[in-house]
Enquirer: 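Have a look at the structure that comes next, please.
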Amino acid sequence: MGYLDDEVKRLQGILDSIEARVKTLEESQFGGSKPKTAKEIRMILIGPPGAGKGTQAPKIKEKFSCCHLATGDMLRSQVAKKTPLGREAKKIMDQGGLVSDDIVIGMIKEELENNPECKGGFILDGFPRTVPQAASLDAMLRERNQTLQHAVELQIDDSLLVARITGRLVHPASGRSYHSLFNPPKKAMTDDVTGEPLVQRSDDNAEALKKRLATYHQQTAPVVGYYQNTGIWKAIDASQEPGQVWKSLLAIFDGDQKKASSAGGGILSKLTHRS
Ligand code: AMP
């Protein structure tokens, strides 16, 4: 037993010194910080209303401890506070149109610069919705020497969205969403987490949805082409149930991790010949 204990201690000593040496090497190679892994995320979710952006985005936020910026939620908070911007936006939102590019670009810029949660990266939900918004986002990131990693399109046929939207219930403060039939809260009209009341959005009706879908196909579908050109577009079948959609997202993140480790993330994996 004594021999075994001594041997374990000796091996532990060797491991400690290898770890210390690897740390020094990584610091000299990566400028004092660990190599970037898929831990920091900068991505957007594109998809028509009801595709599941608001269901998946909080899960991404939780996984990466990043910020979740939903321009629709930000605008609704202005509406609730009855600010001049909120009053103006409400009319446009209820008609299923788009608020001006300058306003939403300003909102995102402000959050990316000042929201401490965004230090760990971001997931944008409902932005960019036009090609000029996409170009502005790229310019904002260029100024920060950053790039977008993923533009994920949640693809789903319009015909499936009416039932999803007309039964949708939301918790305004968090953006959490439920469905009266497909994903009901534990207690009727009550948020599972806070116990606060759920509401139905004033634009979640069949008539406004028609206009929102038309707006989506006219103005947001070209955003897909924009990211196909930049090479970061990926598509997921959003007609699947939410758990399956999440698995598809995890597969995209998994691809990141593999890339990071084969790109030298690194020294330890080279030593152990593991990728
Ligand atoms: P959402 O919650 O993402 O469905 O957004 C609700 C409404 O807010 C939309 O129908 C638009 O009127 C407005 N809105 C949200 N995001 C944007 C955006 N990026 N650009 C313009 N309007 C937006």
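Everything numeric in this text was worked out from a predicted model, so none of it was measured.
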Enquirer: Do the side-chain N and O atoms of Asp192 and His171 include a donor-acceptor pair separated by under 3.5 angstrom?
Expert: no
Enquirer: Answer yes or no: is there an ion pair linking Asp138 with Arg142, defined by an N-O contact shorter than 4.0 Å?
Expert: no
Enquirer: Could you verify whether a donor N or O on one side chain and an acceptor N or O on the other, from Thr130 and Gln219, lie under 3.5 Å apart?
Expert: no
Enquirer: Compare all side-chain heavy atoms of Ser177 with those of Arg168 and state whether any distance is below 4.5 angstrom.
Expert: yes
Enquirer: Tell me whether the count of non-hydrogen atoms from other residues, nucleotides or ligands lying under 6.0 Å of CD in Glu88 goes above 12.
Expert: no
Enquirer: Is the SG-SG separation for the cysteine pair Cys118 and Cys66 below 2.5 Å?
Expert: no
Enquirer: Have Tyr178 and Asp191 got a donor and an acceptor in their side chains that come within less than 3.5 Å?
Expert: yes
Enquirer: Between the side chains of Ser159 and Asp157, does any donor sit under 3.5 Å from an acceptor?
Expert: yes
Enquirer: Show, in sequence, the C-alpha distance, side-chain angles and deciding distance for Lys61 and Glu117, and conclude whether the salt bridge (charged side-chain N to carboxylate O under 4.0 Å, His left out) test is met.
Expert: CA-CA 10 Å; Lys61 172 183 167 145; Glu117 279 188 335; 3.2 Å; yes
Enquirer: Under 3.5 Å, is there a donor-acceptor pair linking the side chains of Gln200 and Asp204?
Expert: no
Enquirer: Looking at Glu207 and Lys210, does any basic side-chain N land under 4.0 Å from a carboxylate oxygen?
Expert: no
Enquirer: Hey, are Gln56 and Trp246 close enough side-chain-wise for a donor-acceptor pair under 3.5 Å?
Expert: no
Enquirer: With sequence neighbours excluded, tell me which residues meet salt bridge (charged side-chain N to carboxylate O under 4.0 Å, His left out) with Glu113.
Expert: Lys109
